[in-house]
Participant: 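Have a look at this one.
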2 protein chains.
Amino acid sequence: MPIRILIVDDHPVLHEGLAAMLESEADFAVVGGAADAESGIDAFRKLRPDVTLMDLKMPGMGGLKGVRALREEFPGAKVVVLTTFRGDANAREAIGAGAAGYLLKTTLRSELVACIRKVHAGGRYLCADVSADIATYLGSEPLTERELLILAMIAEGLENKRIGTKLDISSETVKSHLTRIFEKLGAHNRTQAVHIALRRGMLGDFAD
Amino acid sequence: MPIRILIVDDHPVLHEGLAAMLESEADFAVVGGAADAESGIDAFRKLRPDVTLMDLKMPGMGGLKGVRALREEFPGAKVVVLTTFRGDANAREAIGAGAAGYLLKTTLRSELVACIRKVHAGGRYLCADVSADIATYLGSEPLTERELLILAMIAEGLENKRIGTKLDISSETVKSHLTRIFEKLGAHNRTQAVHIALRRGMLGDFAD
DNA sequence: CGGCCGGTCACCCGAACGGGGGAGCGCGCC
DNA sequence: GGCGCGCTCCCCCGTTCGGGTGACCGGCCG
């Protein structure tokens, strides 16, 4: 009996590419597909695939919450995240959300297949680039939610005072958050902090 | 006789997806593929395809220069750019470099096929999102090379003085460039300028 | 030739930023 | 209960930023 696979990706081209790739493996069967996390979970309920391939950036709830929600409802679900972006933060969160595999879209067919096999067998698989990224920042403290929120507003170019107003806190508080953010990221000013955060995938990334 | 297509893309999954999609059209024939611009041009020399699909972000020279180089050697080459990223700047440059089509990877199969047909017939095709982006910023003045260079350094978090040192100019000059950059982008501070530039695809983008 | 444009530099000044302290307060965990 | 952590706020002070204004020069184009 083949490994039954569900594909959740909103890029038609990629979606079909994956399907074509996987179908050509003798013991793989693509049993369904969806273009966003919500309908992906629906599809899972009906199909109960062995392995689910999920993109991170999708309309609606997004892939990260998708993984979390899916794993909450089906703790045994085996999910492989497949995304365009590097950066340790994305991968860490995905793994924290319960993903068993994490691949980049630059992955070779052979690696994709190997990953699915490994995950299906109950293992984990991270592609090399990503595990390297994670290793690089192993010791680094994660930002708190508040800090991430403020950093996101910084990234949009807001000034401390305006952020304070929006969050109903003093601009002094914003400053002290910022100081901690700089410490954690190793930045010396707000623009550099944004740069590092983008590189590490900590901010709601640009582009789809 | 079918429309002969060359695919240049470094993402195996996407590459195969495109190939699968296009092959399933009766009058399309994928005659070759490459994973970077240089070998894409090599392939073009041998194959002389009717239409070339090219990704923008690739190792080596990158897709933009690839299009430029290809069109220089073969002014009649019909190139469709296929990329993940929105933003008017990317698209403008690609068109300026001689691309006849510009699609996002979120494009539907039907649109992809239509685009290739239109370009093959000698026409142009931009996907709706991108032409909307371009329309939005129609009146805006483009940044000069110098300004882009400085903006890129700003994006990395460098301060004016350090940029001045690196470029061997006064920090006052950096400031006056910056003032012009703010004007052109409609920004009020450096971080916001970077934000806008990223959104508009003006900076060497993040991620592959 | 005269103008325009892009790049260079200068000075003033008020506002924003970043580093240095210190200090409360609520919450969860041991 | 005590401790730590995250969030909140405050003051000081030197630096950087950003706006305003003005100026020079070399190249390109009409």
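None of these values were measured; they are calculated from a predicted model. A, B, ... follow the sequence lines: proteins, then strands. Residue 1 opens every chain.
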Participant: Please test A/Val8 against A/Phe44 for side-chain contact (heavy atoms from CB on, under 4.5 Å), starting from the C-alpha separation and ending with a verdict.
Facilitator: CA-CA 10 Å; A/Val8 186; A/Phe44 190 99; over 6 Å; no
Participant: Let me test you: for the helix from C/dC1-D/dG30 to C/dC30-D/dG1, what is the angle between the axes at its two ends (five pairs each), rounded to 10 degrees?
Facilitator: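 Here the helix ends are tilted 40° relative to one another.
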Participant: From CG of A/Leu149 over to P of D/dG6, roughly how many Å is that when rounded to an integer?
Facilitator: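 Between P of D/dG6 and CG of A/Leu149: 16 Å.
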Participant: Under 4.0 Å between a Lys/Arg side-chain N and an Asp/Glu carboxylate O for B/Arg4 and B/Asp50?
Facilitator: no
Participant: Produce a footprint string for nucleotides 4-23 of chain C: one letter per nucleotide, 5' end first; B if the base is under 4.0 Å from any protein heavy atom, S if only the sugar-phosphate is, - if neither.
Facilitator: --SSBBBBB---SSBB----
Participant: Using the side-chain contact (heavy atoms from CB on, under 4.5 Å) rule, take B/Leu104 and B/Phe85 through it: C-alpha gap first, then chi angles, then the decisive distance, then the call.
Facilitator: CA-CA 7 Å; B/Leu104 295 177; B/Phe85 299 96; 5.9 Å; no
Participant: Do A/Leu108 and B/Pro12 make a side-chain contact, defined as non-hydrogen atoms from C-beta onward lying under 4.5 Å apart?
Facilitator: yes
Participant: When you check the gap from the basic side-chain N to the acidic O, do B/Lys105 and B/Asp9 get nearer than 4.0 Å?
Facilitator: yes
Participant: Any ion pair linking A/Arg180 and A/Glu141 (charged N to carboxylate O, less than 4.0 Å)?
Facilitator: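 Looking at A/Arg180 together with A/Glu141, the answer is yes, because their closest N to O distance falls below 4.0 Å.
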Participant: Can you tell me how far C1' of D/dC17 sits from CG of B/Leu151, to the nearest Å?
Facilitator: 16 Å
Participant: So, do B/Leu151 and B/Val194 sit near enough that their side-chain heavy atoms are less than 4.5 Å apart?
Facilitator: yes
Participant: Is there a side-chain contact between B/Leu112 and B/Leu22 (heavy atoms, below 4.5 Å)?
Facilitator: yes
